[in-house]
Protein chains: 2
Amino acid sequence: MNVSRLRKDAEAIFLAGVKAVEPAQAIRKHVTLKEDRLTVNDRTYNLPDYENIFVIGAGKASAAMGQGVEDVLGERLKSGVVNVKYGHALPLQKIQVNEAGHPVPDEAGFQGAQQIADLLKKTGEKDLVIFLISGGGSALLPYPAEGLTLDDKQQVTQRLLEVSATIHEINAVRKHISQLKGGRLARLAFPSTLISLILSDVIGDDLDTIASGPTVPDHSTFAECLRIVKKYGLMDKIPASVAGILEKGARGEIEETPKAGNPAFERTQNLIIGSNIQAVKAAKIKAEELGYNSLILSSSIEGETREVARVHTAVAREILKTGSPVSRPACVISGGETTVTIRGKGLGGRNQEFVLAAAIEIDGLEDMVILSGGTDGTDGPTDAAGAIADNQTMNRSRELGLDAEQFLRENDSYHFFKPLGDLLITGPTYTNVMDLRLVMVG
Amino acid sequence: MNVSRLRKDAEAIFLAGVKAVEPAQAIRKHVTLKEDRLTVNDRTYNLPDYENIFVIGAGKASAAMGQGVEDVLGERLKSGVVNVKYGHALPLQKIQVNEAGHPVPDEAGFQGAQQIADLLKKTGEKDLVIFLISGGGSALLPYPAEGLTLDDKQQVTQRLLEVSATIHEINAVRKHISQLKGGRLARLAFPSTLISLILSDVIGDDLDTIASGPTVPDHSTFAECLRIVKKYGLMDKIPASVAGILEKGARGEIEETPKAGNPAFERTQNLIIGSNIQAVKAAKIKAEELGYNSLILSSSIEGETREVARVHTAVAREILKTGSPVSRPACVISGGETTVTIRGKGLGGRNQEFVLAAAIEIDGLEDMVILSGGTDGTDGPTDAAGAIADNQTMNRSRELGLDAEQFLRENDSYHFFKPLGDLLITGPTYTNVMDLRLVMVG
């Protein structure tokens with residue numbers, strides 16, 4: 001298959017992957033209403049047992065998820081509140097949508113989180129609460145512990161990042177200085193019944209990690225958090241108010257995050273309604289429909305973007321040379337989310353940088369296309385979802401006088417691909433299950 | 001399959017891969033003698049047409065390759081000279097073996113290269129020369145251009161590495177300040193007939209790159225070399241003698257490296273007798289014999305070792321979770337050669353570092369084994385070929401009080417695996433086709 005066909009097919013395959021995790025559709029697939037019986041995966045709720053059904057949520061996709069819930073439950077919904085990122089609101093009938101700051105939480109997010117907490121405080125044993133979690137749900141549900149400001153929380157995270165604390169350590173501390181994270185939202189909802197519907201944007205779909213686990217038992221403790229902060233010598237560097245809370249908590253003077261066995265979790269159903277592997281699998285089906293031999297590499301790819309790109313192009317070279325791991329025409333699919341260590345001052349995102357690094361590697365090889373895109377339609381601080389390149393991209397860039405290596409050094413993938421017309425532009429998709437990458441060999 | 005079975009099988013699969021590229025066997029497979037007819041792949045040489053058969057060579061595996069040639073040609077050989085790395089000599093009947101410095105060339109290598117050049121100068125139209133090239137062949141065949149010292153050449157390479165010149169640029173310059181690289185050995189051998197038998201240790205098996213291409217046309221020019229050195233502002237930083245040669249060459253006062261169309265190449269046959277893909281394929285056959293569903297990821301994997309390791313463990317996670325890209329029991333095989341950016345002061349090699357980074361990622365997962373080893377039996381400046389780890393390695397390391405993350409930060413994989421008994425020790429294998437990596441999921 002020639003390059004123009006490969007490019008067209010690559011875009012179609014990417015979009016098929018995104019469509020499979022479209023939030024409203026994912027909700028309708030997992031949540032069905034038949035007469036008075038609401039079925040959520042393997043559990044059934046008899047609606048006449050409940051006085052009110054409320055919807056709460058936080059995350060980039062949570063308005064779109066709200067549409068799905070309204071489609072299913074319509075007039076049966078009492079009311080609701082969801083926090084979404086600026087620009088991600090959608091018109092809803094029963095659910096109020098608050099736009100708020102992401103990735104840096106802001107006052108609007110805090111106010112929305114307070115509304116959600118107030119709603120939960122009022123609910124009782126006869127109420128059913130549906131909680132819609134999606135990517136960005138942590139930053140979009142900011143509710144600092146008593147006596148702390150948003151800025152205090154931010155500072156702690158920043159200090160921990162600076163000393164290269166592990167993500168496990170950072171999450172442990174964050175959960176202990178928040179009123180809703182680390183299972184505390186479920187405890188606040190108790191004794192109502194809570195259904196948590198989750199669109200996962202996390203490698204491995206670990207419920208404890210997604211949005212800092214508001215509805216699952218927390219394994220970490222105040223004592224552990226104090227040890228972490230001391231280990232990195234940060235006691236004098238974090239706000240005194242935060243240090244005070246950790247010390248008090250470690251002395252047992254503040255209630256711990258809820259642990260396994262807490263009755264709140266008996267009334268909580270956590271269900272992942274969409275995740276990267278579903279997008280990857282749908283992409284594979286589409287690739288096969290279009291006539292490609294398709295292979296899923298992994299839905300949990302992580303690591304430094306340009307290095308990950310080189311592994312992908314090594315697979316492409318092998319396909320060209322020996323037909324392993326799949327024969328041509330081939331479509332190798334991977335998912336997950338890579339990272340970029342910023343060294344330059346350019347504009348781009350992990351997906352565009354992936355494609356730039358790959359384009360350099362496939363320079364002048366046979367017919368081949370590389371696509372990488374964020375399923376949310378946004379890659380870094382740009383208007384592109386990602387980029388698409390082929391074995392002729394480098395030739396075209398040289399004709400325009402663009403030095404690919406230099407753009408890569410500067411992390412400036414956006415300005416490399418824009419003049420080439422090789423940006424992948426989808427607009428907001430209102431979903432988010434990390435990224436999809438395609439290696440197509442014609 | 002349980003971990004102890006997986007470990008045993010992993011070692012057997014690795015060794016089967018190495019065995020397939022054992023030099024003498026690879027020679028015997030591609031070079032056969034029947035009565036007076038010597039067949040080398042698709043060409044046949046009628047031996048009575050030749051007065052003498054000489055053998056020359058350079059590379060870590062070249063003595064072992066010499067054994068293969070002596071097995072085939074025996075008394076028909078006149079004489080020969082090969083340069084090998086210290087410790088890589090083997091007893092040969094007709095061929096003199098010189099041990100020399102690698103990776104830093106030394107006087108012994110230079111003397112051996114002079115012997116080889118002297119031999120070639122004496123050969124004529126009626127002579128047949130068999131040239132045995134293997135990994136390290138560039139450093140082991142040092143013959144600086146007239147007026148230069150080994151140190152001059154080293155300095156130029158060092159300066160180019162410091163400014164991050166591309167490997168293409170470095171090779172172009174090196175070829176132009178050497179008497180044997182860049183096709184010049186073939187020209188020196190002319191008008192004899194030259195058979196170049198190559199054990200490739202290079203990604204993509206590019207003849208122009210292996211040992212700096214002594215027997216293939218060179219695409220680069222003196223003018224290009226001068227531009228490269230000026231582009232990086234190195235004219236005053238390289239030895240004046242080198243700058244002088246490049247300037248003279250660019251003015252046409254020194255003979256260019258031989259280009260395509262040079263008659264020397266019409267009398268030259270270049271044949272790759274062993275490369276990484278052959279080891280990878282043999283490993284796959286062994287894995288299947290042992291009952292594994294096996295998949296070749298790529299034989300040309302390169303990139304920063306720890307990041308490449310994370311891509312491999314992402315594949316392992318996917319196999320566990322969804323059975324893609326192959327179902328359990330699975331053996332995913334990759335080849336090629338990664339790089340390590342040294343940040344710490346520890347001891348290790350790319351294979352041991354790969355396994356250490358992977359061990360951290362698979363901590364506590366289900367039965368799983370990761371193996372990575374150099375096919376030459378040597379990984380970095382250590383006595384190990386690589387290492388082998390499983391999902392319990394991290395537990396065992398914690399019991400011994402070893403902090404894996406700390407060892408990884410210090411590039412100290414050898415001292416992590418040694419107390420665990422997880423080093424892969426084979427001793428010298430006398431071959432070299434880069435590395436083999438295995439991801440086994442039971």
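Proteins come first, then strands; the chains are lettered A, B, ... in the order of their sequence lines, and each starts at number 1. Here the structure is a predicted model, which means the values were calculated and not measured. Heavy-atom basis, side chains included; hydrogens, waters and symmetry copies ignored.
With chain A as the partner, the residue from B:Arg317, B:Lys281, B:His312 showing the most heavy-atom pairs under 4.5 Å is B:Arg317. Listed options B:Lys321, B:Lys284, B:Glu318, B:Glu307 were ranked by heavy-atom pairs under 4.5 angstrom with chain A; first place goes to B:Glu318. Across B:Val280, B:Val311, B:Thr322, the residue that shares the most heavy-atom pairs under 4.5 angstrom with chain A is B:Val311. Annotation: maximal heavy-atom pairing with chain A below 4.5 Å, among B:Ser334, B:Gly303, B:Ala316, occurs at B:Gly303.
Residue B:Ile296 touches chain A through both its backbone and its side chain, counting heavy-atom pairs closer than 4.5 Å. Proximity to chain B (any heavy atom under 4.5 Å) is shown, for A:Glu405, by neither the backbone nor the side chain. Of the two parts of B:Leu297, the backbone and the side chain both hold a non-hydrogen atom closer than 4.5 Å to a non-hydrogen atom of chain A. Only the side chain of B:Ile203 comes within contact range of chain A, with heavy atoms under 4.5 Å apart. Contact annotation for A:Ser299: both backbone and side-chain heavy atoms come within less than 4.5 Å of a heavy atom of chain B.
Scanning both residues, A:Ile370 and A:Ile362, for their nearest heavy atoms gives CG1-CD1, 3.8 Å.
The main-chain N or O of B:Met434 is never found under 3.5 Å from a side-chain atom of B:Asn276 such that the two would form a donor-acceptor pair. No donor-acceptor pair under 3.5 Å is formed between the side chain of A:Asp205 and the backbone N or O of A:Ser200.
Salt bridge present: A:Arg350 and A:Glu337 bring a charged side-chain N and a carboxylate O closer than 4.0 Å. By the 4.0 Å N-to-carboxylate-O rule, A:Arg310 lies too far from B:Glu304 to be salt-bridged with it. For B:Glu361 and B:Arg306, the salt-bridge test fails: no basic side-chain N is under 4.0 Å from an acidic carboxylate O.
Each of B:Glu169, B:Arg159, B:Glu162 was checked for a side-chain hydrogen bond (donor to acceptor under 3.5 Å, both in side chains) with B:Tyr232, and the lone residue meeting it is B:Glu169.
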